Amino acid sequence: MDKYTLLALAILIPSLSAFLCYVFNKPWVRNVIVFVTALLMFAVAGGFVYQLLQSGGKIEINLEDLHLPFDIEFIFKLLDFVLLAIIADIGMKRKKPLIVVLAIIQGVLLLLFELFGSVKEPHVAFVVDYLSLIMLLLVSVIGPLITIFATGYMKEHEHHQHLEKSRQPRFFAILFVFLSAMNGLVLTNNLSWMLLFWEVTTLCSFLLISHDGNEQAVKNGLRALWINMLGGVAFVLAIIFIYNALGTLSVEEIIRSKMTPVGLFPVGLGLLCFAGFTKSAQFPFQSWLLGAMVAPTPVSALLHSSTMVKAGVYLIVRIAPVYSGTTLGMIVALAGAFTFVMASAIAISQSNGKRVLAYSTIANLGLIVCCAGIGSYVALGAAILLMIFHAISKALLFLCVGTIELEIGSRDIEDMQGLFKKMPFTTVIAVIGMISMLLPPFGVLLTKWLALEAAVKFPLVLICIIIGSALTLVFWSKWIGIILTVSYHAKYKMEKLPLAMWITMAILVVAIIVTGVDISMIFKAAVAPFLLESMKGVPETILNGINGLWLVGDSGKVVGGFSSIYFFMILFLLFLLYPYLYRKSKAELLKPPYLCGANTEEDTKGLEFNAPADTVDQVIVHNYYFAGAFGEANLTPWANFIAGAIIMIMFGVVI
Amino acid sequence: MDIVILKDILTVVATIILAPFIGGLLTGIDRKITARMQSRSGPPIFQPFYDLFKLLGKERLIVNQTQMMFVIGHLFFAVAALAMFMLGQDLLMLLFIMAFSSIMLIMGAMSVRSPYSKIGAQREIVQIMAYEPVLILMVVGVFLSTGSFMIRPLFSDMFGFGKPLLYDLPLVFIAFIYVLTIKLRKSPFDFSMSHHAHQELIKGITTEFSGPQLAVIELTHWYELVLFLGLITMFFAQPVWIGILIALICYFFEIVIDNISARMTWKWMLQATWIVGIGVAMTNIIWLYLK
Amino acid sequence: MGLVKKSRMKSPWVLHYDCTSCNGCDIETLACLTPLYDVERFGIINVGNPKHADILVVTGSVNKRNEKVLKNLYNQMPEPKAVVAVGACACTGGIFKDCYNVLGGVDKVLPVDVYVPGCCAKPEAIIDGIMIAVSKLEEKAEAMKAKAHA
């Protein structure tokens, strides 16, 4: 299959499936469509991998070679305006003037841009290099997986909602449109086309957040819409400025141009970063991502953790080589690091599981932005690796929380006490997911380690990352502790989950372990070639040693490194040991927890104690939440204020 | 087999065997010195070993089926961290492996439905939050001073009289000793579990561990103790015997602090370590940047 | 396992429970920890947690209220374990024997290994009692092993 077909398939297959899902109402037909689409998307992603390896690192797709019978550029532009009209319409219907105004501003700017500057579109419309390939793989592998999960989840979800008519056709249609737009976004080389895909994801995000249709959902959806539209306006302005300065909209050429202070080019870059901040929910734009947690869980997993929010950081990482080493880069790094530490701090005070995940997502995106801002070889490598590992782990965690919520009817962490007894499978998977977010030898921690070693020359950024990573440890370990809480049970019964749900989780957890073990291979195969290509002349400072990554200093000596494989072996050994320890724990050795001698007679679990006046009382233990120190209401205004100031400084610098 | 790998393996094996003896002995000396400071005659030097073997011979009580796995994980990762130190690996990663070890203990303590062990675990988490930034800053200081995150170069010239690391990092060293008090479970920072006041939260994080489980936790603590003294040695590694001597003096100093101070609250600890610890370490690091 | 055997003799950890003592025996028990008597030289540590304890030291007579607690604490101690009744009340109920709520000495509830008489018991006597209890741990360990095999 040639590259043109592959490209068309990558964008059109999901669109077609969206259409089919919308048309066919029968659940089994829909499940078949979802499943087949997933397989096809895997195949397309595989095809791209093959093509890229064949072509030696870069596929350029020039649509002019195809001699299409219609003007594709015109279609894209038309779609742009249609989209803005739809968004403005939503704003009108929901009585939200801000959205209408933002849509109109965007429309007018675009129109002026098209009318007054005969725009020269880049010849090469699509470019696939290793970074877009990584993103493509994330979108086309994790995306369909989550969609498969959604087939099982949405059935249960609607069952709880008691709907008269299923709204699943709409739901799956939007999911697929979104996947299609994401694929387009990461592959395109034309900044103005990227804008279209960008706005499609914004719209999808709104539709999916407000999917349940209640007041809260619509309100949060609208907030997401206007904040992302704000980013959209910045994006349009960036296009105009950059085109004026460089006379091109090709992302490739923009990257090659380096940081030349031609006209308003730096401002354009700043605006692109700003757009990336809004989409990746960096402080002070984090509120839309938190609000988005009202959406059904697959939406949170797909859009708000693994893919859509990655679009923002993708853009920032993509243009990182341009501003690397400049003041703009430093301030982007600072903004990201600040988001990292604040989001981690606020996460400590949260007891709502999805909100903790949301804050953790914001924090990790902050870290990616920070690494991109630092822009050195190691930092950029860390950013890309973190994009991969975070996407997998966070997708898994959201799916776990969704599954747990369906079972226990709550997403509050305190209600998850003793989860291990109710759903051992989900618990073990969730724990692996959480551990992979905060501890070595898993990928996310390794990238944090790389980030720290890269940030070591920038004190302000460094201190943010250091404190942030200490805070990260707190909220994860609290949560892990709660869900692992379990009394003695002679036998554990596996929970019954729909096939689609447990298979997805199993695949993702295997993916976490495999990518974790193979980190050096992933780095060598996909990340290093991109770094070498995009940062020509910069010495290679990460080597793959034996099953690990090693950093090389200026003098060519190894200055740091880690062989994760040995630690995976230790973990594996623990797992092997567990059946033995389990068999050793016999029922006659069981003693209830210590309750100052006040355990009730029959209770072996430590749930009750003899209270005064011959009554029996419940034992209740809560986690610490430090609401005074890290409370959301306390920290958010200050954090927003400082983050706003950082963004002001960013613009001040580029102007 | 490659001679270098063989040497590494031998080092690791020797560490795994010898470290508990050193750690246990030091703990015994600690208890003896503490007793003498309180004008008691104190237990025999080998008392920690007696305790360990007695605990191993006790009934294997359980509260649930998962506790033991976490305890063993706690041990494994502490040993791994020490092995990393002996092999001169990345200092930053060593800290994260150490954190894994602590988190394993926290998971074990929180896996049971016991209010005491749960609160102990929460306090342990606060302790980690308090000392982790300072430890990472120490690593940053080491990098700025030597240009490398690896421990091996620090011990490259073990018997010559070179310029010690302390020369660049006096304040970082003070901050490090300061937070080491938390890691060694010494007053005034010993509120998740202490070696003395046995009535504080019953026994904090170890309340629900008994017999062999407790023995493993104690053993792990010995490994950790050796690791921390090793980290102190790192600051004076040239020549190494001075480093070891100073590590022992620092340990003595910690014992004195332990005996003359009262336990504080976790809020106080967090403020004290973040403001004083991070502040002091940062001051040092800033001058390294400017140099 | 000579090492474990020897260690068992040298590291008795004590859980002290005050039933309804008048606090006289408790003061004497705590006096054992002071520099003058320093029980730590025998490896004795006063722990606050039955799960860590080898020897249960009980002062005061047992009544209907604390009977449950006493049993519960004893139950949570891992084998091998011994019970030392300290003071007249713990041994027999003492002067409270005939009170309407008092059941009697500790041996009404638990198998007592060592009785330390006195009102109050002297610290020397308490230490001696504990050391005698320690010497009984070994046969209990044998019994524990035999039970495990059976």
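A quick note: this is a predicted structure, and the numbers were derived from the prediction, not measured. Per chain, numbering begins at 1; letters A, B, ... match sequence-line order.
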Item to check | Interchain contact, A/Lys586 with chain B, by part (heavy-atom threshold 4.5 Å) | outcome: backbone
Item to check | Heavy-atom contact with chain B under 4.5 Å, split by part of A/Leu590 | outcome: both
Item to check | Which atoms of B/Ile151 approach chain A - backbone, side chain, both or neither, heavy atom under 4.5 Å | outcome: neither
Checklist entry - Just by distance, with hydrogens left out, do A/Thr485 and B/Arg113 show a side-chain donor and acceptor under 3.5 Å apart? => result no
Item to check | Leading residue by heavy atom contact count with chain A [cutoff under 4.5 Å; candidates B/Met129, B/Glu132, B/Met107] | outcome: B/Met129
Checklist entry - So which of A/Leu438, A/Leu484, A/Leu577 has the biggest tally of heavy-atom pairs under 4.5 Å with chain B? => result A/Leu484
Next on the checklist: Which atoms of A/Ile348 are under 4.5 Å from chain B, going by heavy atoms: the side chain, the backbone, both sets, or neither?
Outcome noted: side chain
Item to check | Toward chain B, the part of A/Phe458 with a non-hydrogen atom under 4.5 Å | outcome: backbone
Checklist entry - Going by atom types only, do B/Lys118 and A/Gln417 share a side-chain donor-acceptor pair under 3.5 Å? => result yes
Checklist entry - Is there a side-chain contact between B/Met68 and A/Lys584 (heavy atoms, below 4.5 Å)? => result no
Checklist outcome for this item: Highest number of heavy-atom pairs under 4.5 Å with chain B among A/Leu452, A/Ile620, A/Leu595 belongs to A/Leu452
Item to check | Mutual orientation of the aromatic rings belonging to A/Phe626 and B/Trp266 [parallel < 30°, tilted 30-60°, perpendicular > 60°] | outcome: perpendicular
Item to check | Contact origin within A/Val456 toward chain B - heavy atom pairs under 4.5 Å | outcome: both
Checklist entry - Just wondering, do A/Lys591 and B/Ile62 contact through their side chains at under 4.5 Å, heavy atoms? => result no
Next on the checklist: Just by distance, no angles: are the side chains of A/Trp449 and B/Asp90 close enough, under 3.5 Å, to form a donor-acceptor pair?
Outcome noted: yes
Checklist entry - At a heavy-atom separation under 4.5 Å, does A/Leu462 approach chain B through its side chain, its backbone, both, or neither? => result side chain
Checklist entry - Checking heavy atoms, do the side chain of A/Ile480, its backbone, both or neither come under 4.5 Å from chain B? => result side chain
Checklist entry - Under a 4.5 Å heavy-atom cut-off, does chain B meet the side chain of A/Ile465, its backbone, both or neither? => result neither
Checklist entry - For B/Ile103, is it the side chain, the backbone, both or neither that has a heavy atom under 4.5 Å from a heavy atom of chain A? => result side chain
Checklist entry - By a 4.5 Å heavy-atom criterion (distance strictly below it), what part of A/Thr472 contacts chain B: side chain, backbone, both, or neither? => result neither
